[in-house]
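See below for the structure under consideration.
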Amino acid sequence: MDKLIITAALTGAEVTRAQQPALPITPEEIGMAAAECAKAGASIVHVHARHPDGTPTQDKAVYQQIMTEVKRRCDVIVQISTGGAVGMTPRERLAPVFLKPEMATLSMGSVNFGQDVFLNLPEDIALFAAEMRAQGVKPELEIFDSGMLATAKRWLAKGQLPSPAHFDFVLGVPGGMAATPQALMYLLSELPAGGTWTVAGIGPAQLPMATMGIMLGGHVRVGFEDNIYYRKGELALSNAQLVARVARIAAELGRAVATPDEARGILGMTAVNTVA
């Protein structure tokens with residue numbers, strides 16, 4: 001197996017300080033959280049930006065500050081979100097890609113998201129894919145259900161996405177694919193040749209999905225965006241605490257954790273973009 005890539009999804013767009021007092025919101029707080037996660041074993045940080053009042057933003061200037069704060073503290077891969085928050089326009093969500101981060105997420109379709117709908121039309125996917133290619137940004141293809149994986153495979157076959165691709169299976173979102181062993185195994189059975197994958201379990205599914213990801217040769221995403229608890233009824237103290245647990249489990253299972261540069265090699269990222 002390749003070494004394990006751990007992604008820390010630090011903030012997200014939905015979690016509030018009232019729910020999780022340790023949630024990093026400001027660029028400095030996100031930079032500090034990224035450094036803590038890097039020390040615990042993360043090689044990628046998945047980043048959403050917030051205004052000082054905690055509301056989500058895709059403001060390019062705020063992402064610039066975040067990338068600067070992260071990079072001056074550690075060498076993790078900064079993966080920005082183009083999902084943003086429900087209701088944002090495609091152009092708004094795309095804005096931080098022009099900062100040339102090393103990676104960015106690319107959702108391969110639309111999905112019911114709790115009581116809302118996350119909308120990503122085919123024309124939006126095409127826009128994001130073209131701009132990521134133009135800016136030299138590695139896309140992580142976000143898969144919330146099996147139809148999105150089928151879409152990604154069609155686009156890959158037509159050369160509309162770079163290959164080999166890296167996928168993130170986000171399981172357990174209300175409205176998306178369930179976070180069950182059967183669901184994950186089905187997605188893996190449909191994985192395109194040469195593809196790499198990460199699994200992100202939502203809420204209580206985070207730990208069992210992470211353990212499966214370790215054992216099956218994939219990679220793992222944890223963090224406050226997906227889950228704010230360490231165990232039932234006990235809030236996690238930090239994103240790094242969740243990263244450290246995955247690193248410990250991997251060590252017990254005999255699987256080494258990848259450094260940021262090793263993660264770049266595994267994902268076929270030959271060049272490291274610097275902050276614009």
inquiry  = Applying side-chain contact (heavy atoms from CB on, under 4.5 Å) to Leu99 and Ile80, what does each step give before you reach the verdict?
reply    = CA-CA 10 Å; Leu99 293 171; Ile80 63 98; over 6 Å; no

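- Salt bridge present: Glu234 and Arg231 bring a charged side-chain N and a carboxylate O closer than 4.0 Å.
- Here the side chain of Lys153 pairs a donor or acceptor atom with the backbone of Glu190 at under 3.5 angstrom.
- Salt-bridge annotation for Asp2 and Arg255: absent, with no side-chain N of the basic residue lying under 4.0 Å from a carboxylate O of the acidic one.
- Taking 4.0 Å as the cut-off between side-chain N and carboxylate O, Lys138 and Glu102 do not count as a salt-bridged pair.
- There is no path of hydrophobic side-chain contacts, each under 4.5 Å, that joins Val86 to Leu121.
- In this structure the side chain of Phe128 reaches within 4.5 angstrom of the side chain of Asn120, judged on heavy atoms.
- In this structure, Tyr63 contributes its side chain and Ala49 its backbone to a donor-acceptor pair below 3.5 Å.
- Looking at every heavy atom in both residues, Gln20 comes nearest to Ile228 through NE2-O, 3.0 Å.
- Considering only heavy atoms from C-beta on, Phe169 comes within 4.5 Å of Leu191 through its side chain.
- Here the side chains of Thr57 and Thr55 are not in contact, with every heavy-atom distance at 4.5 Å or above.
- In this structure, Glu29 does not pair ionically with Arg73, as no charged nitrogen and carboxylate oxygen lie closer than 4.0 Å.
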request  = Check step by step if side-chain contact (heavy atoms from CB on, under 4.5 Å) holds for Ile143 and Met108.
outcome  = CA-CA 6 Å; Ile143 306 298; Met108 292 307 300; 4.1 Å; yes

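- Listed for the Lys39 side chain is no donor-acceptor partner under 3.5 Å among the backbone atoms of Ala240.
- Residues Ala165 and Leu141 approach most closely at CB-CD1, 3.8 Å, considering heavy atoms.
- Looking at Thr211 and Ile249, their side chains come closer than 4.5 Å, going by heavy atoms from C-beta outward.
- Considering CZ of Arg221 and CD1 of Ile5, their distance stands at 14.0 Å, rounded to 0.5 Å.
- Hydrophobic clustering places Phe167 together with Met177 (ILVMFWY residues linked when any side-chain heavy atoms are closer than 4.5 Å, directly or through intermediates).
- The closest side-chain heavy-atom distance from Ile202 to Val170 is below 4.5 Å.
- Heavy atoms only, all atoms of each residue included: Val257 and Gly41 are closest at CG1-O, 3.1 Å.
- Ring pair Phe113/Phe144 is perpendicular by interplanar angle, where above 60° counts as perpendicular and below 30° as parallel.
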request  = Report the C-alpha distance between His219 and Ile6 in whole Å, list the side-chain angles of each, state the deciding distance to 0.1 Å, and finish with yes or no for side-chain contact (heavy atoms from CB on, under 4.5 Å).
outcome  = CA-CA 6 Å; His219 306 287; Ile6 303 176; over 6 Å; no

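- Stacking of Arg245 on the aromatic ring of Tyr230 is recorded, both the 6.0 Å distance cut-off and the 45° axial limit being met.
- Side-chain contact between Leu94 and Leu127 is present, with heavy atoms from C-beta onward closer than 4.5 Å.
- Using a 4.5 Å heavy-atom threshold, the side chains of Pro56 and His51 count as separate.
- Residue Pro162 comes nearest to Leu156 through the heavy atom pair O-CD2, 3.4 Å, listed as atom of the first residue, atom of the second, then distance.
- The minimum heavy-atom distance between Glu92 and Pro96, with the atom names listed, is O-CD, 4.2 Å.
- Residue Arg91 holds its CZ atom at 14.0 Å from CD of Gln58, rounded to the nearest 0.5 Å.
- Here the side chain of Asn239 pairs a donor or acceptor atom with the backbone of Phe224 at under 3.5 angstrom.
- To the nearest 0.5 Å, the span separating CG on Leu216 from CE on Met185 amounts to 5.5 Å.
- Here Ser81 pairs with His48 under the side-chain hydrogen bond (donor to acceptor under 3.5 Å, both in side chains) rule; sequence neighbours left out.
- Residues Thr259 and Asp261 have side chains that never bring a donor and an acceptor to within less than 3.5 angstrom of each other.
- Put simply, Leu171 and Met212 are part of the same group of oily side chains (I, L, V, M, F, W, Y) that touch within less than 4.5 Å, one to the next.
- Closest approach of Leu149 and Leu187 over heavy atoms only: CD2-O, 3.5 Å.
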message = Let's go through Glu262 and Ser43 carefully: what are the C-alpha distance in whole Å and the side-chain angles of both, what is the deciding distance for side-chain contact (heavy atoms from CB on, under 4.5 Å) to 0.1 Å, and is it a yes or a no?
response = CA-CA 9 Å; Glu262 289 170 337; Ser43 50; over 6 Å; no

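- The backbone N or O of Thr82 sits less than 3.5 Å from a side-chain atom of Arg93, completing a donor-acceptor pair.
- Going from atom CG of Leu10 over to atom CD1 of Ile25 covers 12.5 Å, rounded to the nearest 0.5 Å.
- Taken together through direct or relayed side-chain contacts under 4.5 Å among Ile, Leu, Val, Met, Phe, Trp and Tyr, Leu188 and Met148 form part of one hydrophobic cluster.
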task = Before giving the answer on salt bridge (charged side-chain N to carboxylate O under 4.0 Å, His left out), spell out for Asp59 and Arg50 the whole-Å C-alpha distance, their side-chain angles and the decisive distance to 0.1 Å.
result = CA-CA 9 Å; Asp59 188 330; Arg50 302 285 188 101; over 6 Å; no

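- For the atom pair CD of Glu14 and CG of Asp226, the computed distance is 11.5 Å after rounding to the nearest 0.5 Å.
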message = Run the side-chain hydrogen bond (donor to acceptor under 3.5 Å, both in side chains) test on Thr7 and His46 for me, step by step, so that the C-alpha distance in whole Å, both residues' side-chain angles and the decisive distance to 0.1 Å come before the verdict.
response = CA-CA 7 Å; Thr7 299; His46 172 69; over 6 Å; no

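- Leu23 has its side chain out of reach of Thr16: every pair of non-hydrogen atoms, C-beta onward, lies at least 4.5 Å apart.
- When hydrophobic clusters are built by joining Ile, Leu, Val, Met, Phe, Trp and Tyr residues whose side-chain heavy atoms come closer than 4.5 Å, directly or via intermediates, Met269 is grouped together with Ile266.
- No donor-acceptor contact under 3.5 angstrom links the side chains of Glu69 and Gln65, judged on distance only.
- Atom CG of Leu207 and atom CG of Leu242 lie 9.5 Å apart (nearest 0.5 Å).
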